[in-house]
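Single-structure report; data block below.
Below, read A as the first sequence line, B as the second, and so on, with proteins coming before strands; counting in each chain starts at 1.
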Amino acid sequence: MAKIQTLRGFRDISGEEIEGFRVIEEVSRKYLGLLGFSEIEVPVLEKTELFVRSIGDTTDIVEKEMFTFTDLGGDSVTLRPEATAGVVRYYLQAGLYAKERVSKLFTVGPMFRHEKPQKGRFREFHQIDVEVYGSGDSLIDAEILWMASLMLRDLGVSGYTLEVNSVGCPQCREDFRGKVVSYFEERKDQLCEDCLRRLYRNPLRIFDCKQAHCIEVSRQSPFLFDSLCGSCKEHFDIFLGHLGDFGVEAVVNKRLVRGLDYYTKTVFEFTSGALGAQQAFIAGGRYDNLVEEMGGPKVPGSGFAIGVERLTMLMGNRSSAKEPLYFFAYVGDRARKYLVPVLHSFVTSGMHLKYAYEGKSLKSQMRYADNLKADFVFILGDDEIERGIVTLRNMETKEQWELPLDPVGLPGEAKKLVVR
RNA sequence: GUGGGUGUAGCUCAAUGGUCAGAGCACUAGGCUGUGGACCCAGGGGUUGGGGGUUCGAAUCCCCUCAUCCACCCCA
């Protein structure tokens with residue numbers, strides 16, 4: 001019989017990696033809480049239309065990367081490829097815009113994209129998604145980047161770059177689009193196939209191309225950044241000023257663009273060369289028109305998503321101070337009767353005790369204790385029972401003590417020796 | 001979706017087309033019948049990813065397929 005395995009691009013997360021996930025969530029929640037963000041959970045499965053409308057129907061995500069299927073009721077449903085759409089839907093459905101001036105929300109969970117897997121890219125991946133609605137002030141953009149950098153500092157992540165740019169408002173983009181298309185049309189023969197495709201669909205992406213000759217062609221081209229309208233330019237300049245106030249280092253990258261249609265003005269990416277080809281591990285920006293486009297009031301928004309798997313790859317090994325592990329080795333049926341009371345007593349004292357289910361020889365149990373990396377081992381056999389004691393061995397120093405055989409008092413007695 | 005690499009024991013990997021596919025680690029047990037790591041000995045473990053073909057003979061060569069890794073693309 002063939003073994004059943006995970007679907008392509010889907011993974012089991014365990015061991016050190018899941019520890020990393022927990023640490024990232026813990027640190028993130030700490031700063032999100034301090035800055036007034038509320039956690040919510042939104043469904044993993046939503047109507048397909050939600051994503052088509054928010055992300056944009058000509059984006060790669062919507063065109064070919066969504067897990068979309070028809071449910072038993074005949075509706076087209078989709079596993080969320082990103083979190084913002086669902087959070088916006090919640091914001092509108094819950095009427096938050098009428099209840100509070102500014103809403104700061106975050107959500108944690110899995111996202112799904114039907115891509116070909118590679119380093120740092122999976123079909124199921126996890127994000128911590130941060131959203132702010134209700135203020136167009138660039139102070140918010142700087143604040144969330146500052147928050148992200150505090151998280152990274154706490155997680156011990158360094159050696160990354162924060163790149164920022166502005167993609168302007170729809171008006172800036174429309175004005176600029178004509179310029180850039182005509183520039184590249186004159187140089188069509190020098191562009192790669194992918195860029196020819198981008199030219200009419202999403203010309204800004206040409207600036208993102210990695211082909212040397214495309215970079216060369218676009219070097220002389222006009223940049224959207226240089227033809228921002230007055231208010232977008234001002235917004236960005238003030239944003240840079242706020243970043244400075246927060247002490248956040250960033251480099252302006254005029255080539256930086258986003259793959260989702262809803263971004264306006266500020267965009268940013270935290271990247272690291274240690275991640276392989278998928279270098280961005282936190283990315284986001286401002287989306288001033290999304291809420292309105294989704295049928296709500298004209299409410300600006302800003303936010304980012306942390307790629308949890310990618311961030312885990314940057315954290316390396318974290319050694320955390322562990323509580324000591326105790327092991328109970330018993331020899332004979334009389335000793336075995338003490339197992340349950342001792343275990344009960346340790347667990348209710350909040351202490352970690354392991355033991356072998358099958359008694360076996362003391363040698364075998366000691367070997368097992370060593371294998372489990374136990375710090376201390378209790379040894380109980382007929383000798384000890386006769387004398388009313390239990391032996392406690394420090395596995396590192398080989399020191400041994402005799403403690404009174406009292407299942408209720410044992411955890412406390414053992415702790416005294418550890419503290420000493 | 002396109003391209004390249006790799007699939008052999010739980011893990012890391014050997015094996016010129018030619019005995020019964022091996023080693024290290026891990027696991028189990030013994031040496032040591034009440035004391036772990038080192039050492040020694042033994043044992044359990046494999047449809048060589050799957051299917052088809054070539055051949056007297058295939059882990060090895062060919063085709064298909066699946067999985068996986070890396071890159072393109074895309075994005076967190």
Quick one: ring pair (Phe, Tyr, Trp, His ring centres under 6.0 Å) partners of [X], sequence neighbours excluded?
X: A/H235; answer: none
X: A/Y287; answer: A/Y262
X: A/F223; answer: A/F207
X: A/F106; answer: none

| side chain to side chain contact (heavy atoms under 4.5 Å, CB included) between A/Y368 and A/K354, intermediate numbers included | CA-CA 10 Å; A/Y368 185 41; A/K354 289 190 176 179; over 6 Å; no
| Partner set under side chain to side chain contact (heavy atoms under 4.5 Å, CB included) for A/E25, not counting sequence neighbours |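 Applying side chain to side chain contact (heavy atoms under 4.5 Å, CB included) to A/E25 gives A/R22, A/R29, A/V108, A/I128.
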Extract from the structure each pairing of a protein N or O with an N or O of nucleotides 49-51 of chain B at less than 3.5 Å, listing the distance.
none

| query | Could a donor-acceptor pair under 3.5 angstrom be found where the side chain of A/Q365 meets the base of B/rU35? | reply | no
| Is any side-chain N or O of A/K398 under 3.5 Å from a base N or O of B/rG37, one able to act as donor and the other as acceptor? | yes
| request: Would you confirm whether A/E309, through its side chain, and A/R121, through its main-chain N or O, come within 3.5 Å as a donor-acceptor pair? | output: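 Judged by distance alone, no pair lies under 3.5 Å.
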| message | Using a 3.5 Å distance criterion without hydrogens, assess whether the side chain of A/T48 forms a donor-acceptor pair with backbone atoms of A/V77. | response |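 Such a contact is found between A/T48 side chain and A/V77 backbone.
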| task | To the nearest Å, give me how far apart CD (A/E131) and P (B/rA76) are. | result |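 Atom-to-atom, A/E131 to B/rA76, this comes out as 12 Å.
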| request: Whole angstrom is fine here: how far is it from CG in A/L325 over to C1' in B/rG36? | output: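 Computing the A/L325:CG to B/rG36:C1' distance gives 13 Å.
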| field | side-chain hydrogen bond (donor to acceptor under 3.5 Å, both in side chains) partners of A/K373, counting only residues at least two apart | value |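 Residues passing side-chain hydrogen bond (donor to acceptor under 3.5 Å, both in side chains) with A/K373: none at all.
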| query | Can you list the residues that meet the side-chain hydrogen bond (donor to acceptor under 3.5 Å, both in side chains) rule with A/R286, with sequence neighbours excluded? | reply | A/D141, A/D288
| Which is it for A/F112 and A/F69 under the ring pair (Phe, Tyr, Trp, His ring centres under 6.0 Å) test, yes or no, and what are the steps along the way? | CA-CA 13 Å; A/F112 305 86; A/F69 56 94; over 10 Å; no
| message | Using a heavy-atom cut-off of 4.0 Å across all strands, would you classify A/A369 as base, sugar-phosphate, or nothing? | response |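 Answer is nothing: A/A369 stays at 4.0 Å or more from every strand.
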| task | Please state whether the rings of A/F270 and A/F281 are parallel, tilted or perpendicular, taking 30° and 60° as the class boundaries. | result | tilted
| field | Reading 5' to 3' through nucleotides 66-75 of chain B, protein heavy-atom contacts under 4.0 Å coded B for base, S for sugar-phosphate only, - for none | value | --B-SBBBBB
| request: Between protein and nucleotides 24-34 of chain B, map the contacts as a letter string: B base, S sugar-phosphate only, - none, heavy atoms under 4.0 Å, written 5' to 3'. | output: ---SSS--B-B
| task | Grab the two heavy atoms, one from A/R310 and one from A/L275, that are nearest each other, plus how far apart they are. | result | O-CD2, 3.4 Å
| said: Please evaluate residues A/Y338 and A/F378 with respect to the criterion ring pair (Phe, Tyr, Trp, His ring centres under 6.0 Å), reporting the C-alpha separation (whole Å), side-chain torsions for both, the decisive distance (0.1 Å), and the verdict. | reply: CA-CA 11 Å; A/Y338 283 87; A/F378 291 100; over 10 Å; no
| task | Go ahead and write out RNA chain B as dot-bracket, 5' to 3': ( ) for pairs within the strand, [ ] for ones crossing earlier pairs, | when the partner sits on another strand, dots for unpaired; Watson-Crick or G-U wobble, both distances under 3.5 Å. | result | (((((((..((((....[...)))).((.((.......)).)).....(((((..]....))))))))))))....
| query | What parts of residues 33-46 of chain A reach RNA chain B, counting only heavy atoms under 4.0 Å away? | reply |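 When residues 33-46 of chain A is checked for heavy atoms under 4.0 Å from RNA chain B, there are no hits whatsoever.
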